[in-house]
Amino acid sequence: MRYFKLPDLGEGLPEAEILEWHVKEGDQVKVDQILLSVETAKAIIEVPSPQNGTIEHLFGAPGDTIHTGEPLLEFAGEKDQDSGTVVGELKQQTTAVNPAGEQFFIGASPSSREYRDRHISPAARALAQRLDIDVNTVPQRNGRVTAQEVEAAADRAQRLGPFEPLRGVRKQMARTLASAWEQVVAVTIHDDADIEHWPAGTDITLRLIDALAHACQHEPSLNVWFDGDRLAVRRHPQLDLGVAVDTEQGLFVPVLRNVGGRSAEDLRAGLDRLREDVRNRSIPPAEMLGATLTLSNFGMFGGRYATPTVVPPQVAILGAGKIMTEAVVFEGKIQPRRRLPLSLTFDHRAATGAEAAHFMQLVVTRLQD
């Protein structure tokens, strides 16, 4: 091959950010030698060479975003053909390449660039170039970018500094949540579980997992996937629970499989392993796919109630807030008791309010049992 393009990194990931090149132009490399490290929305991946050869040109620098199918590097002295590769599987898929005429787009796709170009006046474009302003960061007015908006953006840049682009996990997180917000008809209900009887050292996360497994068993309407285009539901025989893990790089949601059929010890070991893999960025992408419902235990950081975001095709997410000691009426007397605040967001297209309320009641009852 002449051009080695960004391979399919698995699970349909559309792009990756270059972290570090391990080779330079002019280097001779061998098959399976690590060429570069890239960061996807799910992991840091080392990309091996598909062949022996000499590096003639590198496309992209650290920090650049490369889309699947765009060139990573060019080999010297090869025929004008190209192949795609799946990391670790070096499969040949030969297609013709015209090196003189082929255009490579690193960054936004051509279609999105053309759309933006139609909404930027020539004067605004020229002014942005003179003021060194990225027109893609300039807010539109009435659907267009004018010179006035460019001047305002230049003033903000001078006072506040330039925009810092999101990268890696945070960029994908922003896209995913924005898409989910547009698709889901979200409704959130709140309640509290009285946990005064819990002994010291209780594993709160495992108690929440147990309560969710119990609720899914008796109210399975929220343990489903919903296809909004076809208005169809897929029911799941077991709970595969996504557990939100916050890191400095962003939010990850690894999946605990079949939580209702596993012991507490096995679940704790599995949860610890997933969290460690997430923090080391060594978790396989497949371990973050297929959740049928999600748990966000944000109370360990703070906050009482929330409106967690449901990510399709799931239809529900439970948020657990910070445990509070409150004065409540218990057995006819006002007493200080520990309470665990809960927030359940569900997609109202797939579940009724009664079903969601019943699900929440089952969770609270199980926690208080």
What I'd like to find out is whether the side chain of [X] reaches to under 4.5 Å of the side chain of [Y], using heavy atoms alone.
X	Y	value
D155	E151	no
L342	Y305	no
S49	F4	no
H236	R234	yes

Pair [X] + [Y]: basic N to acidic O under 4.0 Å:
X	Y	value
D203	R207	no
R275	D272	no
R175	E15	yes

Quiz item: Relative to each other, are the rings of H57 and F59 parallel, tilted or perpendicular (30° and 60° limits)?
Solution: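 Perpendicular, since the angle between the ring planes exceeds 60°.
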Quiz item: Going through the checks in order, is the side-chain contact (heavy atoms from CB on, under 4.5 Å) test met by V150 and V145?
Solution: CA-CA 7 Å; V150 172; V145 174; 4.1 Å; yes
Practice problem: Please test Q335 against E196 for side-chain contact (heavy atoms from CB on, under 4.5 Å), starting from the C-alpha separation and ending with a verdict. | Solution: CA-CA 10 Å; Q335 301 180 17; E196 181 63 29; over 6 Å; no
Taking [X] for its side chain and [Y] for its backbone only, find out whether a donor-acceptor pair lies under 3.5 Å.
X	Y	value
E287	P254	no
D64	A61	yes
E25	L58	yes
Q33	K30	yes

Which atom pair, heavy atoms only, marks the closest approach of [X] to [Y]?
X	Y	answer
I55	K24	CB-O, 3.7 Å
L222	A316	CD2-CB, 3.7 Å
C216	N223	SG-CB, 3.7 Å

Exercise. Take D240 and T292 through the test side-chain hydrogen bond (donor to acceptor under 3.5 Å, both in side chains) and record every step on the way to the result.
Key: CA-CA 5 Å; D240 292 334; T292 60; 5.5 Å; no
Quiz item: Above 12 or not: heavy atoms from other molecules or residues under 6.0 Å from CG of D132?
Solution: no
Practice problem: Can you establish whether the number of heavy atoms outside R235 located under 6.0 Å from its atom CZ is more than 12? | Solution: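 No.
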Rounded to the nearest 0.5 Å, what separates atom [atom1] in [X] from atom [atom2] in [Y]?
X	Y	atom1	atom2	value
L318	L295	CG	CG	6.0 Å
W225	D347	CH2	CG	15.0 Å
E39	I18	CD	CD1	12.5 Å
T309	Q314	OG1	CD	11.5 Å

Practice problem: For L208 and L340, run side-chain contact (heavy atoms from CB on, under 4.5 Å): C-alpha distance rounded to whole Å, both residues' side-chain angles, the deciding distance at 0.1 Å, then the answer. | Solution: CA-CA 10 Å; L208 286 165; L340 173 60; 3.9 Å; yes
Quiz prompt | Candidate pair Q361 and T365, rule side-chain hydrogen bond (donor to acceptor under 3.5 Å, both in side chains), full reasoning | solution = CA-CA 6 Å; Q361 181 187 36; T365 302; 5.3 Å; no
